[in-house]
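All values reported here derive from a predicted model rather than from experimental measurement.
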Amino acid sequence: MEKVAVIHTAFEDKPSTVAFVDVDSNLSLIEKLEYAYRWTQNIMDSWSLKGEQDGNDNVTVVGNFHVDENGKKWGMRSTSVGDQMLVGTEKYVVASFGFKTLDGEQI
């Protein structure tokens with residue numbers, strides 16, 4: 001297994017690592033990125049609150065949850081265009097379609 005770090009940068013004042021996703025090391029780079037992207041999406045429920053449908057045991061949630069004035073804990077947002085993923089020592093950016101290197105090269 002290998003880890004992909006998911007870093008939310010698109011809507012934040014500063015980058016924040018929100019998850020480490022365990023991926024099969026035999027997958028291609030694009031498959032690793034797609035897997036990490038999919039399992040940090042709120043499609044049917046909450047990936048970060050480990051909902052029944054979007055929760056995944058291969059995802060370790062890190063960072064702080066927002067707790068409102070009533071004490072309700074809110075899940076994290078979905079990974080979006082502009083967010084980053086770290087695979088090994090290389091960072092990749094979520095693009096409108098697929099992923100790009102930090103230099104803007106489509107992969």
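- Taking NE2 of H8 as the start and CD of Q84 as the end, the distance is 11.0 Å to the nearest 0.5 Å.
- For the pair L29 and I107, the tightest heavy-atom approach, listed with the atom from each and the gap, is CD2-CD1, 3.9 Å.
- The backbone N or O of K72 sits nowhere less than 3.5 Å from a side-chain atom of N70 that would complete a donor-acceptor pair.
- Residues V87 and L33 form a side-chain contact, since some pair of their non-hydrogen atoms from C-beta on lies under 4.5 Å apart.
- Other residues, nucleotides and ligands contribute more than 12 heavy atoms inside 6.0 Å of the CG atom of D68.
- Put simply, the side chain of W47 gets close to the backbone of R77: a donor and an acceptor are under 3.5 Å apart.
- Here the shortest heavy-atom pairing between A36 and V4 reads CB-CG1, 3.7 Å.
- Among all heavy-atom pairs drawn from F20 and A5, the shortest one is CE2-CB, 3.7 Å.
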Begin from the C-alpha positions of I43 and R38 and carry the test side-chain contact (heavy atoms from CB on, under 4.5 Å) through to its verdict. CA-CA 9 Å; I43 298 172; R38 162 52 189 108; 3.6 Å; yes
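- Using modelled atom types, one side-chain atom of S78 and one backbone atom of N42 make a donor-acceptor pair closer than 3.5 Å.
- Taking the side chain as every heavy atom from C-beta outward, K50 and V61 approach each other to under 4.5 Å.
- A 4.5 Å side-chain heavy-atom check between E31 and V23 finds every atom pair outside the cut-off.
- Between N58 and M1 the shortest side-chain heavy-atom distance falls below 4.5 Å.
- In this structure, the side chain of Q106 engages the main chain of F99 through a donor-acceptor pair within 3.5 Å.
- Rounded to the nearest 0.5 angstrom, Y37 OH and E34 CD are separated by 10.5 Å.
- The closest donor-acceptor contact from the side chain of S46 to the backbone of G55 lies at 3.5 Å or more, if one exists at all.
- The nearest pair of heavy atoms linking F65 to L49 is CE2-CD2, 3.7 Å.
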Check the pair D83, V6 against side-chain contact (heavy atoms from CB on, under 4.5 Å), reporting the backbone distance first and the verdict last. CA-CA 8 Å; D83 289 332; V6 179; 5.7 Å; no
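- Applying the 6.0 Å contact sphere to CD of E52 captures no more than 12 heavy atoms from other residues, nucleotides or ligands.
- Residues A19 and V62 approach most closely at N-CG2, 3.6 Å, considering heavy atoms.
- Screening V93, T79, I7 against M85 for a side-chain contact (heavy atoms from CB on, under 4.5 Å) leaves a single residue, T79.
- The minimum heavy-atom distance linking M44 with D54 is given by the pair N-OD2, 2.6 Å.
- Taking a 6.0 Å sphere around CG of D13, one finds it holds 12 or fewer heavy atoms contributed by other residues, nucleotides or ligands.
- By the 4.0 Å N-to-carboxylate-O rule, K91 lies too far from D103 to be salt-bridged with it.
- A donor-acceptor pair is defined here as one N or O able to donate and one able to accept, closer than 3.5 Å; no such pair exists between the side chain of K3 and the backbone of L86.
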